[in-house]
Structure formats: C-alpha cells, structure tokens
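All remarks here apply to the structure that follows.
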Amino acid sequence: MADVVLLRFATEADAAALCVMHIRSIREVCAQDYSPEQIEAWTGPKRPEHYFDSIRGQRLILAEQRGRIAGFGDISGTR
C-alpha cells in the first residue's frame, strides 16, 4: 500500500520546520549548480518568520507524509 500524502495549508507552527526543510533542500539539491558562496547567500538570511506572510495569506501548501513535512509550495504565482 502506498503512503498517503496529505496536502494542507501551512500554519505559523510549521514555520521553523519549513525553514529547516527549505535550507536543506537548497543545500542538497542546488549544490551541483551553485557555488558554496551562492548557497550561503541564498540560505543564510532565511528565518522562520519569513514564511509568515505566505502562511497568513493561505498561499503556502504543505505536503505531509507519515506526519512529517515532505514538501511545500507557494501558490501565489509570484515566487
């Protein structure tokens, strides 16, 4: 049986985990295409509170699998 993926709007309580996931994703997925300096410039300023506007505007969707965040996306179309 395949794992169920739940899609839901993010909440402010998710912000810290989202930030960690986003930084990890950038560092792991983008490392082959960007220099360490570029990766640091991209990830260095990221903070959980930077996601609040998208969360409050109900534009940030989470994918959860087995109770853990498996992915996310901003549905505003501007980012």
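Start at 1 with the first residue, then count along the sequence. Predicted model only: the values in this text are computed from it and were never measured.
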Same cluster (ILVMFWY, side-chain, under 4.5 Å), [X] and [Y]:
X	Y	answer
Y34	I26	yes
F52	F72	yes
L7	I75	yes
I69	Y51	yes

Test item: L62 and F9 side chains (from C-beta on) under 4.5 Å apart, heavy atoms | no

Is the shortest heavy-atom distance from the side chain of D14 to the side chain of R8 under 4.5 Å?
-> yes

Please give me the minimum heavy-atom distance between [X] and [Y], naming the atom from each residue.
X	Y	result
S54	D74	OG-OD2, 2.8 Å
E12	I55	N-CG2, 3.6 Å
P48	A15	O-CB, 3.5 Å
A31	R27	CB-O, 3.1 Å

Trace of the side chain to side chain contact (heavy atoms under 4.5 Å, CB included) decision for L18 with L60 = CA-CA 10 Å; L18 280 167; L60 202 57; 3.5 Å; yes

Donor-acceptor pair, H50 side chain versus P45 backbone, under 3.5 Å?
->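 Pair found, side chain donor or acceptor close to backbone of P45.
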
Under the 3.5 angstrom rule, does the side chain of R59 hit a backbone N or O of R56 as a donor-acceptor pair?
->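 No, R59 side chain to R56 backbone: no donor-acceptor pair under 3.5 Å.
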
Would you give the length of the straight line joining atom NZ of K46 to atom CD1 of I23, rounded to the nearest 0.5 angstrom?
->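 It comes to 7.5 Å.
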
